[in-house]
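Contents: one structure, followed by commentary.
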Amino acid sequence: MKASKLLSMIKKDLKNYPIDYLRNKVTDPRYTDPLTKKLAKYNSDVYDEIFSLEITDDFEIKDGIIKNIRSDIGFYFDRYAGGDDENKRFTENISLYLALIAKRPLHPFSEDKNDDVYFENGGYYCRARITAIHDERSLCRYCICRNVSFSDMFF
């Protein structure tokens, strides 16, 4: 499938998602966990990016990878969040976009090497990837992040 076609499908799936709820988490004092706020900001920014993007240099994406990502997200939601179809669809589309079109981490990142996911010297690194990739049907298999080297694990 062409990336432009996948992007069009993602836009169609996300067009009715209540994004303001997610955007409000960033400033809502009821949400005190900084990771929740960071994830809400990252995902709402990605949502905005999706709707502003037009692909000019189209490229091919293997249908099997798209199918596998959808299936693995379905597995996760069926196991841990049964019945939450709205968030499942959102997660699926954001993940497809990040992994296959934007080629950025599935989680928020920074340029601070002390963070769990960070950007350094032209690459993305994730501290948890080395263990999380072994989880059943882990999405880490599709994420662009590299494992953190052993010497950097305790930086």
Side-chain angles (χ1 to χ4, degrees), residues 3-4 6-7 10-11 13-14 17 19-62 64-66 68-77 79-81 84 86-155:
S4 59
L6 178 60
L7 180 63
I10 290 170
K11 287 178 180 181
D13 275 356
L14 290 177
Y17 184 79
I19 194 64
D20 287 337
Y21 167 76
L22 192 60
R23 283 189 184 112
N24 291 337
K25 277 187 175 182
V26 177
T27 57
D28 191 326
R30 293 177 294 174
Y31 298 97
T32 57
D33 178 29
L35 182 57
T36 298
K37 289 180 177 288
K38 191 174 186 179
L39 188 59
K41 172 90 170 105
Y42 187 62
N43 285 340
S44 59
D45 287 349
V46 169
Y47 176 93
D48 292 339
E49 181 180 314
I50 287 169
F51 283 96
S52 68
L53 181 66
E54 294 298 326
I55 294 177
T56 54
D57 293 325
D58 216 353
F59 55 95
E60 195 68 31
I61 298 171
K62 292 181 181 178
I65 293 173
I66 296 167
N68 288 345
I69 291 174
R70 289 184 192 278
S71 177
D72 290 345
I73 291 171
F75 171 82
Y76 176 85
F77 272 83
R79 179 172 274 188
Y80 300 107
D84 191 358
E86 187 173 63
N87 282 322
K88 175 184 169 187
R89 177 172 281 130
F90 180 80
T91 301
E92 185 177 279
N93 284 292
I94 292 290
S95 298
L96 286 168
Y97 173 76
L98 286 169
L100 303 176
I101 297 173
K103 297 181 172 119
R104 287 201 315 269
L106 301 178
H107 291 290
F109 64 93
S110 75
E111 292 188 13
D112 183 349
K113 195 174 177 179
N114 293 316
D115 284 347
D116 287 339
V117 182
Y118 62 92
F119 180 80
E120 181 182 67
N121 297 326
Y124 298 97
Y125 297 87
C126 177
R127 295 187 186 288
R129 187 177 193 277
I130 198 164
T131 55
I133 199 163
H134 299 291
D135 292 346
E136 187 175 4
R137 300 178 77 176
S138 172
L139 292 181
C140 295
R141 296 178 296 150
Y142 311 106
C143 186
I144 195 167
C145 285
R146 300 174 191 159
N147 292 341
V148 174
S149 69
F150 184 75
S151 62
D152 290 334
M153 290 287 285
F154 309 103
F155 185 80

For Cys145 and Val117, the nearest pair of non-hydrogen atoms, with its separation, is SG-CG1, 3.8 Å

Asp57 meets the side-chain hydrogen bond (donor to acceptor under 3.5 Å, both in side chains) criterion, sequence neighbours left out, with none

Steps toward side-chain contact (heavy atoms from CB on, under 4.5 Å) verdict (Leu96, Ile66) = CA-CA 7 Å; Leu96 286 168; Ile66 296 167; 4.1 Å; yes

What closest approach, in Å, do Ile133 and Arg141 show between heavy atoms, and which atom pair accounts for it?
-> CG1-CG, 4.1 Å

Report yes if the side chains of Asn43 and Ile19 come closer than 4.5 Å at any heavy-atom pair, otherwise no.
-> no

With no hydrogens and no angle check, is any side-chain donor or acceptor of Asp13 less than 3.5 Å from a backbone partner on Phe90?
-> no

Take Tyr76 and Lys88 through the side-chain contact (heavy atoms from CB on, under 4.5 Å) test and state the conclusion after the steps.
-> CA-CA 9 Å; Tyr76 176 85; Lys88 175 184 169 187; over 6 Å; no

Pairwise distance CD1(Ile10) to CD1(Ile101) - rounded to 0.5 angstrom = 4.5 Å

Between atom CD1 of Ile61 and atom OG of Ser4, what is the distance when rounded to the nearest 0.5 Å?
-> 9.0 Å

Is the number of heavy atoms from other residues, nucleotides or ligands within 6.0 Å of CZ (Phe59) greater than 12?
-> yes

Apply salt bridge (charged side-chain N to carboxylate O under 4.0 Å, His left out) to Glu54 and list each qualifying residue two or more places apart in sequence or on a separate chain.
-> Lys11

Contacts of Phe119 that satisfy side-chain contact (heavy atoms from CB on, under 4.5 Å) - sequence neighbours left out = Phe109, Glu111, Tyr124

side-chain hydrogen bond (donor to acceptor under 3.5 Å, both in side chains) filter on Arg137, not counting sequence neighbours, yields Ser71, Asp72

Taking only residues two or more places apart in sequence or in another chain, which ones pass salt bridge (charged side-chain N to carboxylate O under 4.0 Å, His left out) with Asp112?
-> none

State the CZ-CG distance between Arg89 and Leu14, to the nearest 0.5 angstrom.
-> 9.0 Å

Of all residues at least two apart in sequence or in a different chain, which pass the side-chain hydrogen bond (donor to acceptor under 3.5 Å, both in side chains) check with Ser138?
-> none

Work out which heavy atom in Leu39 is nearest to a heavy atom in Pro108; give both atom names and the distance.
-> CD1-CD, 3.6 Å

In Å, rounded to the nearest 0.5 Å, how long is the span from OG of Ser110 to OH of Tyr42?
-> 11.5 Å

Given the options Asp116, Asp115, Asp33, Lys38 meets salt bridge (Lys or Arg N to Asp or Glu O under 4.0 Å) only with Asp115

Which residues share a side-chain contact (heavy atoms from CB on, under 4.5 Å) with Ile65, sequence neighbours left out = Lys62, Ile69, Leu100, Tyr142

Considering residues at least two apart in sequence or located in another chain, which fulfil the side-chain hydrogen bond (donor to acceptor under 3.5 Å, both in side chains) criterion with Arg104?
-> Glu49

Is there side-chain contact between Leu53 and Tyr97, with at least one heavy-atom pair below 4.5 Å?
-> yes

Identify, with sequence neighbours excluded, every residue that meets side-chain contact (heavy atoms from CB on, under 4.5 Å) alongside Arg79.
-> Phe75, Glu136

Set of residues satisfying salt bridge (charged side-chain N to carboxylate O under 4.0 Å, His left out) with respect to Arg70, sequence neighbours excluded = Glu92

Spacing of NE2 belonging to His107 relative to CZ belonging to Arg129, to within rounding of 0.5 Å = 11.5 Å

Partner set under salt bridge (charged side-chain N to carboxylate O under 4.0 Å, His left out) for Asp20, not counting sequence neighbours | Arg23

Geometric cation-pi criterion, Lys25 with Tyr31: 6.0 Å, 45° | yes

Residues forming a side-chain contact (heavy atoms from CB on, under 4.5 Å) with Thr91, sequence neighbours excluded = Ile73, Phe77, Ser95

Considering only heavy atoms from C-beta outward, does the side chain of Leu98 approach that of Pro105 to under 4.5 Å?
-> no

Counting heavy atoms not belonging to Phe51, are there more than 12 under 6.0 Å from its CZ?
-> yes

Pair Tyr47-Leu22, side-chain contact (heavy atoms from CB on, under 4.5 Å): steps then yes or no = CA-CA 10 Å; Tyr47 176 93; Leu22 192 60; over 6 Å; no

